[in-house]
Every structure is written in C-alpha cells, then in structure tokens.
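Since the structure comes first, as structure tokens, the remarks are kept for the end.
Just so it is clear, the model here is predicted, and its values are computed rather than measured.
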Amino acid sequence: MLRLSSLILERDSKSNGSKQFQNNYETLDFSAKETSGGIPIFLFTFLHWSGFVEGSDKKAKHRFSSRIFDILLFLACADVTVSTVINSGNVHQKRIAVYLSCPIVSVLVWFEMRCKRKLITSLLQNAPVVNSSFYEKVLNFAVFINYFMSLLVPTILTSTVSNPKSLTFFTYGYELKNICILRVIAILKDSLYYMLYPCVPNVVAIFYIYLCWRCSVDLNNLVKDIAQYTPEEFEQSKQLDILKKKAKICRDLQSIQTLFSVPMFLILVANFLMCSSVLGGVLIKVKFAEDDMIFIVYFVNAILCVITALWMAGSVPVVLSRFKETFFQTTHERLLYYHVTEKELHLKMDLFNESDFVLTGCNILPFRRSTILTVIGTLLTYTVLVVSTN
C-alpha cells in the first residue's frame with residue numbers, strides 16, 4: 001500500500017513538474033523574467049543556451065548556440081594544449097601536466113553533461129520548489145560573476161603585461177611587430193581559455209550546489225513539519241505523508257548522484273591539481289611575474305570551488321540525520337504514551353534500517369564536510385612530496 005501511494009505521488013509530481021517546466025521554458029524572457037520554479041535566471045539561461053536540457057532543441061538559436069559552444073571549447077582545448085607544449089621550456093616540467101589536465105577535464109565534464117540531458121531535464125522538473133529570493137540572488141550573482149570574470153580577468157591581466165615577449169605564448173612563440181594586434185589576440189585567446197577553465201567547471205559546480213541546496217532546504221522543511229506536531233497528533237497518516245515527501249527527495253538525490261558523480265569528481269580533481277601546481281611553484285621558489293598572476297586567480301577560484309561544493313553536498317547527510325533524529329524522537333514519545341499500531345512501528349523500523357545516504361564522486365570521494373580538511377591536508381602533503389622528488 002505504501003509503495004502504491006508513493007508511485008501515485010511520484011506520477012502526479014512528475015506530471016505537474018513537466019507542465020511547470022514547459023511553461024517556464026515557453027514564457028521565459030531571458031532579459032527580465034524570473035522562472036516560476038525558483039531556478040536562478042542566469043543558471044537557467046546557461047542550461048538552455050549550452051544545450052544541457054532537452055527543451056533547448058525547440059529553438060533554432062539554442063541549437064545554434066550549443067553547437068558554437070561545442071566548437072569553441074574543443075578549439076580552445078586544442079589551442080591551449082599546443083601552446084603549452086610549444087612553450088613547455090618556460091614552465092617547470094612537473095607543472096606542465098597540470099596545465100594540460102584542467103582544460104581537458106573541462107571538455108570531458110561538458111560532454112558528460114551533454115550526454116545526460118534527459119536526466120538534467122527530469123531533475124529540473126522534479127526538484128522541489130524553494131521560495132527563497134535571497135539564495136536565488138546569491139546563485140544568480142555567482143553565475144553572473146563567473147561570466148563576467150571570463151572577460152574581465154584576461155583583459156586586465158593581458159593589458160598590464162609589460163613584457164610583450166610573454167604574450168607570444170598565444171601566438172605559438174612567434175613575435176608580432178604590431179603590439180596592439182598581439183594584445184588583442186592574447187585577450188581573445190585568454191578569454192577562451194578562461195571560459196574553458198574555470199568558467200565551465202564553475203557553472204556545473206554552481207548547478208550542483210543549487211540542486212543540493214534545494215534538497216537540503218526541502219528536508220529541513222520536513223523537519224520543521226515534524227516538529228510542529230505533538231506525539232499525539234503525529235498519527236500514521238501524517239507519518240506516511242512525511243515519509244512520501246522524504247522518499248521523493250531521496251529519489252532526486254539519487255538522480256543528482258547519477259548525474260554529477262563523474263563530473264564533480266573530475267572538477268574537484270582538476271581544481272586539486274591546480275592548487276597543487278600553484279603551491280608547488282611557491283615551494284620551488286618560482287617567481288610569479290605580473291603575467292603569471294592568472295595562476296593566482298586560478299588558485300583562489302579552485303579553493304573556493306572545492307570548499308563550497310563539498311560544504312553544500314556535505315549538508316545533505318547532515319540534514320538527513322537531523323530528519324531521522326526528529327522523526328525518531330516524536331514517534332518514540334508517541335510509542336511511550338499513546339496507542340501505536342503495528343504499521344507505525346514498521347514505518348519507524350524501515351526508516352532507521354535505511355543506510356546513510358552520502359553523495360560521492362565516482363564512489364571514491366565521499367562528499368562530506370569533513371572531507372574539506374582531508375582534501376586540504378592531502379593537498380599540502382602530496383604537493384611537498386612531489387616537489388621534493390627529483
């Protein structure tokens with residue numbers, strides 16, 4: 001009976017979510033309107049223009065933009081690989097592999113997400129709606145800053161380079177007589193490199209953070225719903241309603257795990273390697289000139305991405321544990337002081353026999369808040385070991 005009710009609830013929610021998502025798509029004005037589902041507008045825009053959702057195929061401009069993105073990312077990856085190999089004599093040998101791994105990882109993440117368009121669309125349809133304008137604004141601001149930095153950072157850093165010879169990295173070692181043309185080429189290529197890494201991984205990480213946050217908020221709302229009942233009022237029908245909602249959120253979490261397991265693992269590995277590369281450069285006393293300041297920007301971005309993603313993903317098991325504790329406390333008091341049916345006991349036992357759910361990266365790296373300290377410790381330890389090895 002419980003299984004049948006859950007299936008009916010899931011079917012109805014999918015139907016309503018599909019209609020809502022379709023209405024959002026059809027009525028969306030990218031310059032002004034907010035989506036009714038609470039999806040941050042800039043993130044929603046990126047998902048359509050990049051071709052990450054199935055609905056984007058219905059408009060020619062979205063089909064065209066997604067193909068342009070594919071071509072630009074592929075060309076940028078090929079170009080930065082060739083440029084790095086040609087200029088490898090100017091870079092410490094132990095850091096070359098890191099410079100090459102980050103753009104390659106970005107391309108892999110991009111096409112991994114494109115291959116799972118159906119799952120992304122389903123998540124957007126079924127994810128719980130959260131009415132929180134503050135966090136929507138925060139996420140919108142994060143996506144906007146990510147877009148803006150891909151133009152601002154390369155322009156500022158390239159324009160302030162005093163030695164034009166360092167810009168020959170972007171022309172495969174050839175020196176151009178016209179410095180202005182050289183700087184324009186450098187700005188354009190550097191913007192493409194920045195869009196490839198870290199812009200693309202950042203947007204995917206923000207999307208992941210957004211979905212984890214929505215599930216965490218909805219679980220917290222269930223905890224509040226349980227807390228407002230007295231043990232006498234928390235009868236079987238109310239317990240069933242709470243557990244059905246919780247089961248739906250857990251299905252969404254399973255979909256998030258399926259979708260982001262590989263991409264987030266690759267993103268965290270790429271950011272880990274970038275941090276290790278910059279730290280390694282400091283340890284081997286590489287002098288960071290003004291034209292190398294982009295790697296400091298990469299370092300700060302990588303640290304923030306790793307910490308934020310692990311913190312938000314780590315909030316899921318914390319909230320699930322709080323849900324179990326609150327449900328147990330209320331049902332336990334009901335068991336002590338009121339008549340409890342056998343079905344209520346089964347509901348309670350089924351909940352506590354469930355294994356703890358933790359989001360992971362490729363079932364290798366558990367996304368817990370304690371993992372942040374583990375990653376930082378590993379970063380420092382292995383960076384020192386690699387640098388000290390001849």
Side-chain angles (χ1 to χ4, degrees), residues 6 9-10 12-14 16-18 20-21 24 35-40 43-44 47 52-53 113 116 118-140 142-143 203-227 241-265 267-268 307-327 351 354-361 363 365-369 371-372:
S6 299
L9 177 65
E10 181 182 4
D12 293 341
S13 62
K14 283 186 177 181
N16 294 334
S18 179
Q20 181 183 21
F21 185 77
N24 287 343
T35 59
S36 61
I39 305 171
L43 180 59
F44 192 76
L47 294 176
F52 280 4
V53 291
M113 296 291 288
K116 296 180 177 178
K118 288 185 178 181
L119 188 55
I120 293 175
T121 306
S122 176
L123 269 173
L124 292 177
Q125 291 172 356
N126 298 326
V129 176
V130 178
N131 296 319
S132 177
S133 59
F134 173 74
Y135 284 103
E136 267 187 61
K137 291 177 181 178
V138 170
L139 289 169
N140 269 325
V143 177
V203 176
V204 173
I206 290 172
F207 184 33
Y208 180 72
I209 289 168
Y210 162 73
L211 291 174
C212 291
W213 166 70
R214 289 184 73 161
C215 291
S216 296
V217 169
D218 211 56
L219 283 169
N220 269 322
N221 289 337
L222 290 183
V223 173
K224 294 177 182 178
D225 290 343
I226 297 173
D241 183 58
I242 293 290
L243 291 177
K244 287 176 185 178
K245 293 178 180 178
K246 185 255 184 185
K248 180 182 180 300
I249 299 172
C250 287
R251 285 192 295 271
D252 291 335
L253 288 172
Q254 288 289 352
S255 297
I256 293 172
Q257 171 65 19
T258 302
L259 172 61
F260 287 98
S261 177
V262 175
M264 284 307 301
F265 180 76
I267 289 172
L268 293 179
I307 292 177
T308 308
L310 290 178
W311 183 267
M312 290 307 300
S315 66
V316 171
V318 172
V319 180
L320 281 173
S321 177
R322 188 181 304 141
F323 173 87
K324 284 187 176 183
E325 290 175 3
T326 306
F327 190 93
L351 176 64
E354 291 181 0
S355 58
D356 294 334
F357 181 84
V358 179
L359 293 165
T360 65
N363 291 321
L365 182 67
F367 294 163
R368 295 182 180 272
R369 290 180 174 177
T371 308
I372 297 174

Are any non-hydrogen side-chain atoms of Ser261 and Asn363 less than 4.5 angstrom apart?
-> no

Leu123 side, atom CG; Lys116 side, atom NZ - distance, nearest 0.5 Å = 11.0 Å

Where is the tightest heavy-atom contact between Asn140 and Leu43, given as atom of each residue plus distance?
-> OD1-N, 4.4 Å

Are any of the side-chain heavy atoms of Tyr208 and Ile267 separated by less than 4.5 Å?
-> no

Closest contact, heavy atoms only, Ser255 versus Leu119 | O-CD2, 3.7 Å

Do Asp356 and Leu320 come within less than 4.5 Å of each other through their side chains, counting heavy atoms only?
-> no

Of the non-hydrogen atoms in Thr360 and Pro366, which two are nearest, and what is the gap between them?
-> CG2-CA, 4.0 Å

Check side chain to side chain donor-acceptor pair (under 3.5 Å) between Glu354 and all other residues, then give those that pass, not counting sequence neighbours.
-> Lys246

Calculate, to the nearest 0.5 Å, the distance between atoms NZ and SG belonging to Lys248 and Cys215 respectively.
-> 8.0 Å

So which pairs with a foot in residues 311-322 pass side-chain hydrogen bond (donor to acceptor under 3.5 Å, both in side chains), sequence neighbours left out?
-> Ser216-Ser315, Asn220-Arg322

About how many Å separate CG of Leu211 and CG of Leu253, when rounded to the nearest 0.5 Å?
-> 9.5 Å

With the side chain counted from C-beta on, respond yes when Ile256 and Val316 share a heavy-atom pair under 4.5 Å apart, and no when they do not.
-> no

In this structure, CD1 of Ile209 is separated from CZ of Phe260 (nearest 0.5 Å) by 10.0 Å

If you measure from the Lys or Arg side-chain nitrogens to the Asp or Glu carboxylate oxygens, is any gap between Lys245 and Asp218 under 4.0 Å?
-> no

Separation between CD (Gln254) and CG (Leu359), nearest 0.5 Å, reads 8.5 Å

Side chains of Val143 and Phe207 in contact at under 4.5 Å (non-hydrogen atoms) = no

Any donor-acceptor pair under 3.5 Å from Thr371 side chain to Arg368 backbone | yes

Report the C-alpha separation of Phe44 and Val53 in whole Å, then their side-chain angles, then the decisive distance to 0.1 Å, and conclude whether the side-chain contact (heavy atoms from CB on, under 4.5 Å) test is met.
-> CA-CA 10 Å; Phe44 192 76; Val53 291; over 6 Å; no

Option from Ile226, Thr326, Val223 for which side chain to side chain contact (heavy atoms under 4.5 Å, CB included) with Ile242 holds | Ile226

